[in-house]
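What follows is a set of notes on a single structure, which appears directly below.
Order of appearance sets the numbers: ligands from 1, and atoms from 1 within every ligand. Throughout, numbering of the chain's residues begins at 1 and tracks the sequence.
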Amino acid sequence: MSADTNLMPIPGAVDPVPVARAAVPRADGLVELVGLPREKIRAEFEAAGLEPKQAKLRAKQVWHWIYNRGVTDFSAMSDIAKGQRPWFAERFAISRPEVVEAQVSSDGTRKWLLKTHDGHDFEMVFIPDADRGTLCVSSQVGCTLNCRFCHTGTMQLVRNLEPAEIVGQVMLARDALGEWPSQPEGRMLTNIVMMGMGEPLYNFDNVRDALKIVMDGDGLGLSRRRITLSTSGVVPMMARAGEEIGVNLAVSLHAVTKEIRDEIVPLNRKYGIEQLLEACAAYPGANNARRITFEYVMLKDKNDTDEHARELVRLIRRYRLPAKVNLIPFNPWPGASYECSDPDRIRAFSNIVFEAGISAPVRTPRGRDIDAACGQLKTAAERKRRAKVPSAA
Ligand code: SAH
Ligand code: SF4
């Protein structure tokens, strides 16, 4: 599927940003059905030779098998005539990303190393809690944006993930958790955050198409209130994200001055803090019941003073933002040039924001022992490649 949104070049010190590659077609020539809108499945069946009425009926049945039952094999589709099932299998595929490795942290967090059909590695993480289970989904292999504190930003190859590969992560998690057929109650997988590898708003069309299926009541049936999209601040795409996807918004703010944000989130040189906060104020659907989350990574002696906390409060008030702040202790990775703020400093920062009436919880790092925490995702193959190249610093 081709994207209808071009990537924007970012002038300044980070220009040119490498443009993410598109996926190549499957080597076996089969048409992947996962990730296609219902209507498109019908059109594919018709194009392959089914009568219009047949195509419509079969599309409805196959959709149900894919998203309600989690079936990947046409031979299991008992309401399709036995003789017709091989006809489908010769032309179409219902796939999952390939699992290369699955790891479990001492705190129960799970991480999967996955592979695309054309051989690129990416990762997904499941974080179980007492009352919910959150799947952290990737939108790209790597990321073009190079935030200074993020391991994913150091990956060299960046390819956009296809809708099949984005929805496929959620389906794979359901496979692993034994959550087929889809049921509205008692699920372990209750929430989705687009906070894995990649910048979701630089792969807008595919993320939108995938999340539409995840939210479809006859699809994976997760409410948009339980889905959060995190962006480092791709301002021109934020209004469209609100209108066309309509999920909760998280914004990776991380700094309150131009100087510091320019350094740690280089995209700030293109879209500054004021522009970003204006886009937040205009985000469709943001209100007191549905607040925007501002993510703030705590970096020692960089962005963590009392004055920074007070400025954060001033900014949120100036733009009248229905906001909550998520303080993320920095998760280290080999070669990172930052350290995490001391716990006392994080607490003091949190108190200042909290006393201004803004919720400011400190996020407990999860899965650090298997490199599954925020900003630690980088595939093993890439880690090895990096280790061989002498560092420029
Ligand atoms: N690209 C998107 C979403 C993925 S990152 C974005 O940047 O928002 C999810 C969150 O983890 C972001 O807030 C990101 O800034 C944060 N993060 C990245 N590296 C981190 C690290 N080493 N420690 C803690 N948080 C990190
Ligand atoms: Fe990309 Fe987000 Fe990491 Fe920045 S923090 S490099 S935008 S994944």
Side-chain angles (χ1 to χ4, degrees), residues 7-8 10 14 17-18 20 122-125 127 134-161 166 169 192-204 207 227-235 237-238 241 247-255 260-271 276 279-280 292-300 302-304 324-341 346 362-368 371-379 382:
L7 292 169
M8 287 154 287
I10 303 169
V14 286
V17 164
F122 62 106
E123 293 181 318
M124 123 182 145
V125 176
I127 306 143
T134 306
L135 189 70
C136 182
V137 172
S138 290
S139 55
Q140 299 181 307
V141 173
C143 185
T144 54
L145 286 177
N146 310 118
C147 299
R148 287 279 296 277
F149 49 83
C150 175
H151 208 189
T152 307
T154 66
M155 279 181 71
Q156 289 172 358
L157 184 112
V158 182
R159 136 126 139 63
N160 281 329
L161 290 175
I166 299 169
Q169 291 172 64
I192 289 182
V193 291
M194 297 300 301
M195 294 188 188
M197 290 179 164
E199 168 49 57
L201 295 189
Y202 269 143
N203 186 16
F204 184 83
V207 167
I227 303 174
T228 301
L229 184 149
S230 175
T231 180
S232 55
V234 184
V235 168
M237 302 309 289
M238 285 169 60
V247 295
N248 302 318
L249 183 69
V251 171
S252 295
L253 190 61
H254 302 319
I260 301 175
R261 196 162 191 269
D262 275 357
E263 175 192 327
I264 66 178
V265 184
L267 185 64
N268 195 65
R269 298 171 200 168
K270 172 92 174 162
Y271 309 115
L276 176 57
C280 289
I292 294 174
T293 303
F294 287 98
E295 294 159 286
Y296 200 99
V297 63
M298 299 301 293
L299 304 173
K300 188 174 191 166
K302 180 52 72 181
N303 64 355
D304 62 352
K324 54 188 176 196
V325 172
N326 221 328
L327 299 175
I328 317 177
F330 170 67
N331 293 307
W333 38 275
S337 38
Y338 301 102
E339 278 178 68
C340 184
S341 310
I346 300 180
V362 180
R363 197 189 284 176
T364 315
R366 296 289 302 267
R368 267 188 180 173
D371 287 338
C374 298
Q376 291 188 315
L377 301 186
K378 173 162 180 167
T379 56
E382 278 274 344

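Taken from CG in Leu267 to CZ in Arg261, the straight-line distance is 7.0 Å, to the nearest 0.5 Å. For the atom pair Arg148 CZ and Asp262 CG, the distance stands at 12.0 Å (nearest 0.5 Å). Distance CE/Met237 to CZ/Phe204: 5.0 Å, rounded to 0.5 Å.
Counting heavy atoms from C-beta on, the side chains of Met238 and Leu276 come closer than 4.5 Å.
Of all protein atoms, those of element N, O or S that lie under 2.8 Å from atom 3 (Fe) of ligand 2 number 1.
Minimum interatomic distance between Gly196 and Cys136 (heavy atoms only, all atoms of both residues): N-SG, 3.4 Å.
Between His254 and Phe149, the ring-plane angle classifies as perpendicular under the 30° and 60° cut-offs.
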Mind running side-chain hydrogen bond (donor to acceptor under 3.5 Å, both in side chains) on Thr231 and Glu199 for me, showing each step along the way? CA-CA 6 Å; Thr231 180; Glu199 168 49 57; 2.9 Å; yes
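Within 4.0 Å of ligand 1, protein heavy atoms come from Phe149, Cys150, Met194, Met195, Gly196, Gly198, Glu199, Ser230, Thr231, Ser232, Ser252, His254, Glu295, Val297, Ile328, Pro329, Phe330, Asn331, Trp333, Cys374, Gly375.
Per-atom contact check: atom 2 (Fe) of ligand 2 does not touch the protein, criterion being a heavy-atom distance below 4.0 Å.
Among residues at least two apart or in separate chains, there is no salt bridge (Lys or Arg N to Asp or Glu O under 4.0 Å) pair with a member in residues 326-338.
Asn248 places a side-chain N or O within 3.5 Å of a backbone atom of Ile227 that can act as its donor or acceptor partner.
Applying the side chain to side chain donor-acceptor pair (under 3.5 Å) rule to Ser341 yields the partners Asp304; only residues at least two apart in sequence or on another chain are considered.
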